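Note sheet for the following structure.
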There are 2 protein chains.
Amino acid sequence: MATRKRVTAQDVARLAGVSRTTVSFVLNNITDMRISEETRQKVLEAARQLNYHPDVVARRMVTGRTRVLGFVLRQSPEQAFADLFLPQVLNGLSQAAARQGYQVLFEPIAPGHPNTMYARLVNERHVDGIILSGPRFDDEDLLRLHREGAAVVLIGRLPDVEIPYVDVDNVGGARMATEYLIGLGHRRIGLVTNAPLFYTASAERLSGYRQALEAAGLSFEEGLVRYGDFTPQSGYQAMMSLLQVRPLPTAVFVASDTVALGALQAIRHAGLRIPDDISLIGFDDIPLAGFLDPPLTTIHLPAFNLGWEAAEMLLSRLHGEEIPSPAARLLATHLVERESCAHARR
Amino acid sequence: MATRKRVTAQDVARLAGVSRTTVSFVLNNITDMRISEETRQKVLEAARQLNYHPDVVARRMVTGRTRVLGFVLRQSPEQAFADLFLPQVLNGLSQAAARQGYQVLFEPIAPGHPNTMYARLVNERHVDGIILSGPRFDDEDLLRLHREGAAVVLIGRLPDVEIPYVDVDNVGGARMATEYLIGLGHRRIGLVTNAPLFYTASAERLSGYRQALEAAGLSFEEGLVRYGDFTPQSGYQAMMSLLQVRPLPTAVFVASDTVALGALQAIRHAGLRIPDDISLIGFDDIPLAGFLDPPLTTIHLPAFNLGWEAAEMLLSRLHGEEIPSPAARLLATHLVERESCAHARR
DNA sequence: CTGAAAGCGCTAACAT
DNA sequence: ATGTTAGCGCTTTCAG
């Protein structure tokens, strides 16, 4: 197919009988140069008649800004889309961006490219700045990009690195979940993590669990923790293993609803009932959590807000506002009480 | 923050002691102009040393192409992210795009903008073409865009419109689900749709259900169909209502797993068991389907492929290849047998 | 094998 | 109040 013929500002100028500049002024609503109403109308009419649309590529060329934000996913696609967390972040992100006239370029890490191609996004000026989710501590390109002054905001945190970030309060949320169980009288509380511990979020949730235990005078037992890795399958395995320990825990905190789905199935297969035989609390509050059997009590994660806040932070950085230091925002979680937890009986 | 200083091809040329043109040639691997290996290396070295990155905006300006695909969501954000269907489409889309050096601009319909802003994407040259999911028959802008020669591919179909599309074989899938139930001996089979009937996919699934019934000599009964609207809540309501009819259907086809989640809960609340008292078959095969209680038998929807194929179709259109007519691709579904269906007993 | 020069469509400083 | 003009950084004929 041939390239479609473009109508340029020049064409509009010609039809309206004015200069290209005048066209630019009226179309961009530059009021400084008080243009006569008559001319204004002529230009507007000509533009409408020719079905003129300004070419953003040319505009970017001269303004130097793209008005595009890059959303880069540092995790594998399967992992990124294991549940609705990232899609919801993306949603918040793009709504915040749209509100300020920005667009979002979606950049997952391509399977064939183990290395970070995303630095090109800013180096080659595809975007004005990037929001990166799932940062890794060994990501050299990320650190370099930041050092070189690129506008970067993280979703998730990197220890000992001063890049602005927004994250959920994982420690607080996990503490809240564990305290809730303790409040119900449970003393032997198992943990299934959402992921291996080299994921910051996972380590933080473990830490919150541990804090709650110790604050209540309960001892932290290695033997009561198992490791999930994002999937229901891993939750099934982890819970099966936890079900072997004696005495059996009376409650378990599964630090991801998706993983909890597998745990739920393992408990059913073992012939135990929830919450009668064992209480279960999740983390994330996936949209389906209320429709599981039993409806899952869990910690709500503000995924949409995470995206929204990250975009706002990046945008204010791009607009040259001083970012209030520390350039970090920790979003609060809250408990959603449903039916998977009961008072301890043993 | 000040704009970062850009290194231009001019700078590289200066350092390498050649002209700008030469730089362009070696960096773009133009072999026609057989450049001496020595010069080549000098240029490459200079570029590396200066950390030079070509400016895509300038390149787009002159080549006239952006190498960006727009993914526009014609449904509301909540609906778009009610489950993992669209995220998976996006994933397939962007992988197919990346493989050919294209990027994806994500454009959900903004809540504040009831009207279609997405036409700007192509008119203002943000992208080379768009993939639009969830087309509506009354979308004037879409029809105009297509008439004007813009490169558009639909995910989902529009009756009586010749825009290229890729879609899942909804009729076939629904027929397959219903036939499976019939094969199990069921004769009274209810239907809960995934959405209101003005959604093409919904109407098609109803049609497949009806075809299967009639082919088996069973009559289609209005009284056995209820309408979902994407959510588990709607499935709950629909199933509750279906549970009132007498004689009770022995099986029901819920044309969306997400909706089926609510249906499952309604059946539990009614004190009935699955599949002993009533068989249930879903549609979509969401990633969690195998971990529900009972694991849900359902029709698998190739979401990733849908995105992939749509991108491939758009790309070949952009590359000027004649699209094999009809410019449409219907992807096959398949049955995933799990544990929510049993032989009819009544 | 390499360089000069035109031009993509727009914005914005400057001149009238 | 409106027009002239100079780029933005790159690709790509066309001459040497």
Side-chain angles (χ1 to χ4, degrees), chain A residues 2-44 46-47 50-67 120 122-126 128, chain B residues 2-44 46-47 50-67 120 122-126 128:
Chain A
T3 320
R4 298 202 289 150
K5 183 83 194 72
R6 293 218 123 249
V7 176
T8 76
Q10 186 65 266
D11 300 325
V12 176
R14 200 149 32 218
L15 179 59
V18 301
S19 81
R20 222 154 89 236
T21 319
T22 309
V23 171
S24 178
F25 284 155
V26 355
L27 262 25
N28 291 340
N29 267 314
I30 306 286
T31 44
D32 305 6
M33 309 261 125
R34 306 191 342 212
I35 309 255
S36 75
E37 190 52 28
E38 189 189 5
T39 318
R40 239 185 103 65
Q41 290 307 330
K42 261 196 316 206
V43 170
L44 258 19
L50 294 174
N51 191 26
Y52 168 73
H53 295 276
D55 182 331
V56 304
V57 176
R59 173 179 288 148
R60 285 170 187 172
M61 183 86 223
V62 43
T63 60
R65 292 170 331 105
T66 61
R67 297 187 82 85
R120 301 194 320 136
V122 28
N123 285 330
E124 299 179 354
R125 240 180 24 151
H126 295 84
D128 292 342
Chain B
T3 321
R4 298 203 289 150
K5 182 84 194 70
R6 292 215 125 252
V7 177
T8 74
Q10 185 65 268
D11 300 324
V12 176
R14 202 150 30 219
L15 179 59
V18 300
S19 81
R20 217 152 95 237
T21 320
T22 310
V23 171
S24 179
F25 284 156
V26 354
L27 262 24
N28 291 340
N29 266 315
I30 307 286
T31 43
D32 303 7
M33 310 259 128
R34 304 192 344 213
I35 309 254
S36 75
E37 190 51 29
E38 189 190 5
T39 316
R40 237 185 105 65
Q41 289 307 331
K42 261 196 315 206
V43 171
L44 257 18
L50 293 175
N51 192 28
Y52 168 72
H53 296 277
D55 182 333
V56 304
V57 176
R59 173 179 287 148
R60 286 170 186 172
M61 184 87 224
V62 43
T63 60
R65 292 170 333 104
T66 62
R67 297 190 81 86
R120 302 194 317 135
V122 26
N123 285 330
E124 299 179 354
R125 236 174 35 144
H126 295 85
D128 291 343

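This one's a predicted model, so the numbers in the text were calculated from it and none came from an experiment. Labels below follow one simple rule: chain letters A, B, ... track the order of the sequence lines, proteins then strands, and each chain is numbered from 1.
Within the 3.5 Å criterion, the main-chain N or O of Q10(B) finds no donor-acceptor partner in the side chain of R20(B).
Heavy atoms of S24(B) sit under 4.0 angstrom from at least one base atom. Counting any heavy atom pair closer than 4.0 Å across all strands shown, V18(A) reaches sugar-phosphate atoms only and no base atom. Within 4.0 Å (heavy atoms only), R60(A) reaches no atom of the nucleic acid at all.
Side-chain polar atoms of S19(B) and T22(B) form a donor-acceptor pair below 3.5 angstrom.
With rounding to whole Å, R40(B) atom CZ is found 15 Å from dT2(C) atom C1'. In this entry the distance linking CG of N123(A) with P of dG9(D) reads 15 Å, nearest Å. Counting to the nearest Å, the C1' atom of dT2(D) and the CD atom of Q41(A) are 17 Å from each other. With rounding to whole Å, H126(A) atom NE2 is found 14 Å from dG9(D) atom C1'. For the pair D55(A) CG and dC8(D) P, the interatomic distance rounds to 18 Å; values are reported in whole Å. Counting to the nearest Å, the P atom of dC10(D) and the CD atom of E124(A) are 11 Å from each other. R20(B) places its CZ atom 10 Å from the C1' atom of dT11(D), with the value rounded to the nearest Å. When the P atom of dT11(D) is taken as reference, atom CZ of R67(B) falls 13 Å away, rounded to whole Å.
When the nearest nucleotides of DNA chain C are assigned to M61(B) and E37(B) by heavy-atom distance, the more 5′-ward of the two goes with E37(B).
Look at T8(B) and you won't find any side-chain N or O under 4.0 angstrom from OP1 or OP2 of dG9(D). Regarding contacts with the backbone of dC8(C), every side-chain N or O of T63(B) stays at 4.0 angstrom or more from both OP1 and OP2. An OP1 or OP2 oxygen of dG9(D) is reached within less than 4.0 angstrom by no side-chain nitrogen or oxygen of Y52(B). The side chain of T21(B) places no N or O atom within less than 4.0 Å of a non-bridging phosphate oxygen (OP1 or OP2) of dT11(D).
The side chain of A58(B) lies closest to dC10(D), out of dT2(C), dC10(C), dC10(D). Of the candidate nucleotides dT13(D), dC10(C), dC10(D), dC10(D) has the atom lying nearest to any side-chain atom of R59(B). Ranking dG3(D), dC10(D), dC10(C) by closeness to the T22(A) side chain, first place goes to dG3(D). When distances run from any side-chain atom of V62(B) to the nucleotides dG9(C), dG7(C), dT13(D), the shortest one goes to dG7(C).
Side chains of E124(A) and R59(B) form no contact here, defined as non-hydrogen atoms less than 4.5 Å apart. In this structure, T8(B) and D11(B) have side chains that are in contact, with non-hydrogen atoms separated by less than 4.5 Å.
Applying the 3.5 Å distance criterion, the base of dA4(C) shares no donor-acceptor pair with the side chain of S19(B).
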